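Hydrogens, waters and symmetry mates play no part in the numbers below; they use all other heavy atoms, side chains included. Numbers restart at 1 for each chain; the letters A, B, ... are given by sequence-line order, proteins then strands. In this text, all values refer to a predicted model and were calculated from it rather than measured experimentally.
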4 protein chains.
Amino acid sequence: MLNRAILLGRLTKDPELRYTQNGTAVATFSLAVDRRTTNQQGERETDFLNIVVWSKLAELCAQYLKKGRQAAVEGRIQTRNYENKEGRRVYVTEIVAENVQFIGGQGQGQGGSGFQDEPYSGGGFGQAPSSGGGSRSRDAFNDNPFADTQKPIDISDDDLPF
Amino acid sequence: MLNRAILLGRLTKDPELRYTQNGTAVATFSLAVDRRTTNQQGERETDFLNIVVWSKLAELCAQYLKKGRQAAVEGRIQTRNYENKEGRRVYVTEIVAENVQFIGGQGQGQGGSGFQDEPYSGGGFGQAPSSGGGSRSRDAFNDNPFADTQKPIDISDDDLPF
Amino acid sequence: MLNRAILLGRLTKDPELRYTQNGTAVATFSLAVDRRTTNQQGERETDFLNIVVWSKLAELCAQYLKKGRQAAVEGRIQTRNYENKEGRRVYVTEIVAENVQFIGGQGQGQGGSGFQDEPYSGGGFGQAPSSGGGSRSRDAFNDNPFADTQKPIDISDDDLPF
Amino acid sequence: MLNRAILLGRLTKDPELRYTQNGTAVATFSLAVDRRTTNQQGERETDFLNIVVWSKLAELCAQYLKKGRQAAVEGRIQTRNYENKEGRRVYVTEIVAENVQFIGGQGQGQGGSGFQDEPYSGGGFGQAPSSGGGSRSRDAFNDNPFADTQKPIDISDDDLPF
DNA sequence: TTTT
DNA sequence: TTTT
């Protein structure tokens, strides 16, 4: 039916990029979204939302989004549940992003290279291809030798516990 | 910042209505929202989203929404965490509704009185008053002697585990 | 970038279905959406929004939506301008629907066959195929001999004055 | 009923700030929102959406938003019509913003003082007070002697042709 | 713990 | 040019 979520916030850490067994890229990150109102104690609270991105859009997120950067996310809210190691059922709610906009520079004291100096800076990009992923060469990521999350992992495409 | 969710689905059961210690009404229900796509096995999956409604809008939801009925919900996505009885931290994601539209009739074979025959049928209503609740007399609910959820409960206004 | 509109309202008249020169179906209708607040005179005002739907979704709308019926529309807001017969530039703002949900029955005193009795009653359907239109046989519409809007017309696919 | 629009784009020029006869501030600007897809000729088109903002939020927009800057706008889509000088009825569709986020820096070659150096840079702010305007002193704007749009004008609060 |  |  109708299920739409639109968020604007900052990444709490760098995205994690993984690949499913059939080679589809999937990125996950958490987005901190400040509330517009303050609570009874006068403090501004923050919601932390788990974002999942698939295919080519996942790889672009892993490449251009970093901890502290701002992003606008549009997608649908998904619920899943799985059994953890202790045999307990864990309920997960996450946003499956269909559109991610990289906006603005990074937060204060973040270190690292500035967003402004990079390609696609301030720009957006098209729709996540629903036609499946893998169209972009994974060699594009070889310039980051520490990205150990980029190896294929043993998860099914639509049942990703994270 | 920006945090908006819009959903259209059916209630999985009747809403639960409670009152905080200071008398603010809060209703909770779960909304089943079918996905628009089918999975690899060709089945249509469903997301089950927890909805929280406050104040006068909570009382209207408790009065007019029932299991199986369709509703459109507009609100923001909220994350909370609390410690359960076993000392585990539980993470909750829920939609705090600011606008709820009662639409359509109820499902087949649902029993109970038809939505069509009731006041406010098919209609909408104004914004949830952010100015706090309690403006509506709780005696209005006395015509339902079995509504044991309508007693005040010991929860703080913005930390509602359910 | 980000451009999303979500509406819930009633059709002010039956949808109009046309076909572009290359055979793509396009339906248009106007959706009446009541405001949630009243104006200074205490009257509830209404916004009338022009909706455009393409391809298979256009044909489904033409088939199942009628004047007075409720629909939820999700899409993007589009602006166009064209020169009219008198040489004036006309500015148009419309919603290009990517998802339309047929909800609820029809209004009181509307006459005609009830939505409840028809196939897909109360149901929704999948995404508008972006893969181009024309996949559905137009003969499906031959049971309506008065639908003179169903002939191909001389408009380009993305410049539709209506 | 349900009427929500969410946009992310850039201002095509500086906002115009006016005041209604009863002293309520109203700002208007046009937001350029690039489409995510290209047309048949391979060009990326842009939608230009008219935004209206009221009260304190209007004054903040006039103060912090400038031509070329990025903004996220959340609001409802409104339609109006009025008779122009030639006696023709003009139909207007615009977005009445309830939440505006000032994001990112300004566009290339824009000149003027940088957003980064100003207060509220990169920040957001609370909801537009629906409780009516005028709470902020208009003298606050006297430091800009060229802002000739800041004089009271003869328009009613909810019928603003622009 | 789930609705049609 | 408007729906309930």
Side-chain angles (χ1 to χ4, degrees), chain A residues 1 3 79-81 88-91 93, chain B residues 7-16 28-35 43-51 65-71 73 90 92 94 101-112 115-116 120-125 162, chain C residues 7-16 28-35 43-51 65-73 90 92 94 101-112 115-116 120-125 161-162, chain D residues 1 3 79-81 88-91 93:
Chain A
M1 311 207 69
N3 180 338
T79 56
R80 285 184 300 113
N81 63 80
R88 282 171 161 280
R89 190 137 297 270
V90 180
Y91 293 88
T93 302
Chain B
L7 304 166
L8 177 58
R10 290 185 185 277
L11 278 81
T12 61
K13 50 176 87 94
D14 290 0
E16 287 185 41
T28 56
F29 56 89
S30 157
L31 201 69
V33 182
D34 290 333
R35 296 192 191 159
E43 317 153 329
R44 184 169 309 278
E45 291 176 276
T46 301
D47 296 296
F48 297 96
L49 300 165
N50 289 325
I51 314 291
L65 287 177
K66 297 291 165 217
K67 177 181 177 178
R69 284 188 184 158
Q70 254 183 318
V73 168
V90 180
V92 175
E94 62 213 2
Q101 300 291 331
F102 308 153
I103 47 179
Q106 67 205 38
Q108 255 53 44
Q110 274 305 122
F115 202 44
Q116 250 78 35
Y120 289 96
S121 166
F125 46 83
F162 77 104
Chain C
L7 304 166
L8 177 57
R10 288 184 186 277
L11 277 82
T12 62
K13 50 175 88 92
D14 291 0
E16 288 184 41
T28 57
F29 57 88
S30 157
L31 200 70
V33 182
D34 291 333
R35 295 191 191 160
E43 316 153 331
R44 184 170 307 279
E45 291 177 276
T46 301
D47 296 295
F48 297 96
L49 300 165
N50 290 324
I51 314 291
L65 286 177
K66 298 292 166 216
K67 177 180 176 178
R69 285 188 183 157
Q70 253 183 320
V73 168
V90 180
V92 175
E94 63 212 3
Q101 299 291 330
F102 309 154
I103 46 179
Q106 68 203 37
Q108 256 54 43
Q110 276 303 123
F115 202 45
Q116 251 78 34
Y120 289 95
S121 166
F125 49 80
F162 77 104
Chain D
M1 310 209 69
N3 180 339
T79 55
R80 286 184 300 113
N81 63 81
R88 281 171 161 281
R89 191 137 295 269
V90 180
Y91 294 87
T93 302

Go through [options] for me and flag the one nearest to the [X] side chain.
X: C:F48; options: F:dT2, E:dT3, E:dT1; answer: F:dT2
X: B:K67; options: F:dT3, E:dT1, E:dT3; answer: E:dT3
X: C:T46; options: F:dT2, E:dT1, F:dT3; answer: F:dT3
X: A:R89; options: F:dT3, F:dT1, E:dT1; answer: E:dT1
X: C:T12; options: E:dT1, E:dT3, F:dT2; answer: F:dT2

Do the side chains of [Y] and [X] get nearer than 4.5 Å, heavy atoms only?
X: C:T28; Y: C:N50; answer: no
X: B:L7; Y: B:D47; answer: no
X: D:N3; Y: C:L49; answer: yes

Least distance between heavy atoms, A:T79 atom then B:T46 atom: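 Smallest heavy-atom distance, with atoms named: OG1-O, 4.3 Å.
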
Separation of atom [atom1] in [X] from atom [atom2] in [N], rounded to whole Å:
X: B:Q70; N: E:dT2; atom1: CD; atom2: P; value: 21 Å
X: B:R10; N: E:dT3; atom1: CZ; atom2: P; value: 12 Å
X: C:E94; N: F:dT1; atom1: CD; atom2: P; value: 19 Å
X: C:N50; N: F:dT1; atom1: CG; atom2: P; value: 13 Å
X: B:I51; N: E:dT1; atom1: CD1; atom2: P; value: 20 Å
X: C:E16; N: F:dT1; atom1: CD; atom2: P; value: 16 Å
X: C:L49; N: F:dT3; atom1: CG; atom2: P; value: 15 Å
X: B:L31; N: E:dT1; atom1: CG; atom2: P; value: 19 Å

